[in-house]
Amino acid sequence: MTLGAALLVIAIFVGIMISLISGSWLALHTFGWGFLTTSVWNPVTEKFGAFAAIFGTLVTSALAMIIAVPLGIGIAIFLTELCPRPLKRPVGIAIELLAGVPSIIYGIWGLFVFAPFFQQNVEPWIIDTFGNVPYLQDVFAGPPYGIGTFTAALILSIMILPFISAVTRDVFETVPPMLKEAAYGVGCTTWEVMNRIVLPFSRPGVVGGAMLALGRALGETMAVTFVIGNAHHINESLLAPGTTISATIANEFTEALGDLYVSSLIGLGLILFGITFIVLAVAQIMLKSLERRAGGKSA
Amino acid sequence: MNRGIYARRRAVNAIFLVLSTAAAAIGIIALVLILYALLKNGFAGLSADVFTKDTPAPGSAGGLANAILGSVLMSVVAVVVGTPIGMLAGTYLAEYGRHSWLAFIIRFVNDIMLSAPSIIIGLFIYQLIVVRMHHFSAWAGMAALAVIVIPVVVRTTENMLLLVPNTLREAAASIGAPRAISIRAVTWRAARAGIVTGVLLAIARISGETAPLLFTALNNQFWSTDPNAPMASLPIVIFQFANSAYEDWHTLAWAGALLITAAVLTLSIFARLLESRQR
């Protein structure tokens with residue numbers, strides 16, 4: 001019976017793959033490899049290409065990671081090395097609890113609070129500042145919409161921040177205290193201990209945790225859908241509206257008419273599943289290797 | 001003694017300490033701002049009507065009663081279905097499979113499903129149930145949520161069973177208890193608080209899930225307990241109301257968001273208390 005339940009887990013996983021492939025068969029068959037590389041998305045003429053959505057997914061996630069990973073590691077360092085002892089547990093617990101807040105909360109905050117603020121106070125400034133810098137003037141061009149790729153990336157980074165901090169802190173705590181004490185004993189500064197002892201020791205864990213966060217960011221639907229603007233074209237400017245795979249599916253699936261439209265949306269889901277599978281699999285492998293080195297602490 | 005090097009090391013260290021404290025400050029400020037906005041707007045929208053009236057048409061008064069009912073109903077069924085499956089699978093991993101290649105694969109697949117995008121699970125259930133039934137239904141929503149519950153329960157059950165000392169299992173075996181009985185009467189019982197923690201975390205997880213319900217349970221403007229019909233749920237109503245142009249719908253969306261967050265945080269805190277007792 002327990003084996004049956006365990007096999008059911010595999011069955012569900014295989015079922016997900018089969019249903020995504022069979023559901024997207026029509027679209028993949030019709031458009032071939034062009035589905036991946038074209039960015040036309042026109043329900044009227046029934047021409048669909050996933051490139052704009054893939055591009056938006058990768059860009060928002062990459063930006064979110066660039067912002068959230070250094071901040072998350074900073075918070076973890078603060079918690080393990082700098083935080084006054086009485087504050088350590090409450091702040092740590094608060095961050096872990098925030099990691100469990102549903103993403104729709106971040107989405108609604110982004111839409112009603114952050115986007116208007118960003119539109120009125122930050123975007124005009126960005127546009128003015130970079131307006132005459134070559135190259136950057138294209139990246140930060142256009143009217144301040146408030147919603148757009150950049151806003152979505154910022155909301156995503158805030159959403160994955162508690163998660164990265166919590167995982168990184170746990171990983172830092174697997175570093176044997178003797179190693180750190182030895183380094184402090186020979187006169188290392190806190191920075192040197194972190195940089196030369198703790199980070200090298202825990203690198204696979206930190207990278208694995210970051211990859212888990214990336215997996216979340218790539219597939220995140222609700223935090224993004226509210227603020228990205230759902231525009232199916234690739235714009236050079238980060239301030240312009242864009243779309244991601246999950247935002248496209250969430251916005252259009254229930255309104256999609258025609259087999260080819262639905263099939264293309266499921267095709268997007270298949271691509272998303274493929275990307276996140278690879279990212280999550282790498283994350284697993286990295287985290288497992290750390291576990292083994294830490295002496296099978298959790299095994 | 002080289003004072004230059006000391007001074008530089010100290011300076012680098014100071015810069016680094018300032019930067020990581022700043023990172024912590026930025027992160028915490030951002031999160032506090034979100035909670036502040038949520039509390040302010042949420043409490044502004046909260047009233048007795050929220051719990052007693054159904055979702056309104058734009059412009060008329062109403063509440064979230066049908067959405068709360070839908071969320072609770074679907075979560076309960078999903079947990080009731082998902083928990084036994086997850087528990088049994090977790091037991092297999094911890095007690096029978098342990099180091100076998102099959103257990104290795106199941107662990108790997110389970111951990112992927114644990115963090116796979118939930119919208120994918122919505123697509124899966126859509127194809128599996130909605131397409132066959134030819135209409136959206138609460139059944140499909142429950143199934144989608146159950147698929148999300150299973151990996152969470154599998155992971156915590158396995159972890160908690162592994163914390164049970166082997167001497168307990170050996171003691172049970174030495175008095176002649178067959179494995180099945182020793183698992184039921186000894187290891188499950190020893191890990192009970194931990195397993196309940198997992199179930200609480202799973203409830204917390206699904207009560208805020210929006211994406212998998214979008215095209216399974218859909219939405220319903222009216223009070224409905226019919227699992228064959230579409231059913232409202234808090235996250236979907238928030239999604240729909242927040243994206244609308246009506247001010248009173250926005251207020252209700254904030255109230256709903258506050259309710260979900262309060263529920264999730266309460267569950268997580270309970271789970272944490274139980275877990276600390278287990279360890």
Side-chain angles (χ1 to χ4, degrees), chain A residues 1-6 8-10 12-13 15-16 19-20 23 70-71 74-75 77-78 82 93 97-98 100-106 108-109 111-113 158 161-162 165 189-192 212 215-216 218-219 221-222 226 246 249-250 253-254 266 269 272-273 276-277 280-281 284 298-299, chain B residues 9-10 12-13 16-17 19-21 23-24 26-27 30-31 34 37-38 85 88-89 91-93 96-97 105-106 108-113 115-117 119-121 123-124 127-128 147 150 154 204 208-211 214-215 218 235 238-239 242 250 253-254 257 260-261 264-265 268-269 272:
Chain A
M1 222 167 109
T2 58
L3 178 63
L8 187 64
V9 173
I10 294 190
I12 292 174
F13 183 77
I16 292 175
S19 82
L20 286 178
L71 280 179
I75 293 177
I77 292 172
F78 177 79
L82 302 172
I93 290 175
L97 288 179
L98 283 166
V101 170
S103 56
I104 193 165
I105 309 296
Y106 293 95
I108 189 176
W109 181 76
L111 178 68
F112 287 137
V113 182
I158 297 175
L161 185 59
S165 318
T189 60
T190 311
W191 159 244
E192 286 159 348
L212 276 185
R216 285 195 162 191
L218 286 167
T221 311
M222 282 310 154
F226 278 113
S246 48
I249 302 175
F253 198 85
T254 42
I266 296 174
L272 178 64
F273 192 58
T276 46
F277 179 85
L280 293 172
Q284 298 281 324
S298 55
Chain B
R9 284 176 59 196
R10 249 206 310 271
V12 168
N13 190 46
F16 155 80
L17 294 186
L19 282 180
S20 59
T21 314
I26 292 173
L31 299 168
I34 292 179
L38 182 66
I85 299 173
L88 289 173
T91 308
Y92 173 79
L93 292 180
Y96 295 102
I105 292 176
I106 292 170
F108 182 78
V109 165
N110 188 68
D111 285 353
I112 298 259
M113 293 221 298
S115 11
I119 196 161
I120 301 279
I121 290 163
L123 284 176
F124 167 58
Q127 298 242 62
L128 192 71
V147 170
I150 293 172
V154 170
E209 281 291 354
T210 319
L214 275 172
F215 25 84
L218 205 69
I238 296 173
F239 181 56
H250 292 174
W254 275 112
I260 289 188
T261 314
V264 169
L265 289 184
S268 326
I269 290 169
R272 182 167 297 278

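Letters A, B, ... are given to chains in the order of the sequence lines, protein chains preceding strands, and every chain is numbered from 1. Predicted, not measured: the structure shown is a model, and the values here were computed from it.
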What part of [X] gets within 4.5 angstrom of chain B, counting heavy atoms only: side chain, backbone, both, or neither?
X: L97(A); answer: both
X: L20(A); answer: both
X: I158(A); answer: both
X: T221(A); answer: side chain
X: L212(A); answer: side chain
X: I12(A); answer: both

Checking [X] against chain A: side chain, backbone, both or neither under 4.5 Å from a heavy atom?
X: F16(B); result: side chain
X: I260(B); result: side chain
X: L17(B); result: both
X: L38(B); result: side chain
X: A204(B); result: neither
X: L214(B); result: both
X: F215(B); result: both

- Applying side-chain contact (heavy atoms from CB on, under 4.5 Å) to I26(B) and not counting sequence neighbours gives L71(A)
Give the member of [options] that has the highest number of heavy-atom pairs under 4.5 Å with chain B.
options: S165(A), P70(A), S103(A), A281(A); answer: A281(A)
options: T276(A), I77(A), I249(A), I108(A); answer: I108(A)
options: L8(A), L218(A), L82(A), V113(A); answer: L82(A)
options: G215(A), P162(A), A250(A); answer: A250(A)
options: G74(A), G4(A), G219(A); answer: G74(A)

Going from [atom1] on [X] to [atom2] on [Y], what distance comes out if it is rounded to the nearest 0.5 angstrom?
X: L161(A); Y: I75(A); atom1: CG; atom2: CD1; result: 4.0 Å
X: F226(A); Y: Y106(A); atom1: CZ; atom2: OH; result: 14.5 Å
X: L272(A); Y: I266(A); atom1: CG; atom2: CD1; result: 13.5 Å
X: L218(B); Y: T254(A); atom1: CG; atom2: OG1; result: 6.5 Å
X: I104(A); Y: L111(A); atom1: CD1; atom2: CG; result: 10.5 Å
X: S268(B); Y: I93(A); atom1: OG; atom2: CD1; result: 11.5 Å

Pairs of heavy atoms under 4.5 Å with chain A: top-ranked of [options]:
options: G208(B), A23(B), A37(B); value: A23(B)
options: I106(B), V264(B), T261(B); value: I106(B)
options: L19(B), V109(B), L93(B), V147(B); value: V109(B)
options: A257(B), P235(B), A242(B); value: A242(B)
options: F108(B), Y96(B), F124(B); value: F124(B)

Please find the pair of heavy atoms, one from [X] and one from [Y], that lie closest to each other, and give the distance.
X: Q284(A); Y: I112(B); result: NE2-N, 4.2 Å
X: M113(B); Y: V9(A); result: CE-O, 3.8 Å
X: A253(B); Y: I238(B); result: O-CG1, 3.8 Å

- Message: Are I119(B) and F273(A) packed together at the side-chain level, in the sense that at least one heavy-atom pair is separated by less than 4.5 angstrom?
- Response: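 I119(B) vs F273(A): side chains apart.
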- Task: State, yes or no, whether a side-chain contact exists between V12(B) and T189(A) at a heavy-atom distance under 4.5 Å.
- Result: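 They are not in side-chain contact.
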- Aromatic rings F277(A) and F13(A): how do their planes relate, parallel, tilted or perpendicular, breaks at 30° and 60°?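 The rings of F277(A) and F13(A) sit tilted, inter-plane angle from 30° to 60°.
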- salt bridge (Lys or Arg N to Asp or Glu O under 4.0 Å) against R9(B), all qualifying residues, sequence neighbours excluded: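 Once residues adjacent in sequence are excluded, the partners of R9(B) under the salt bridge (Lys or Arg N to Asp or Glu O under 4.0 Å) criterion are E192(A).
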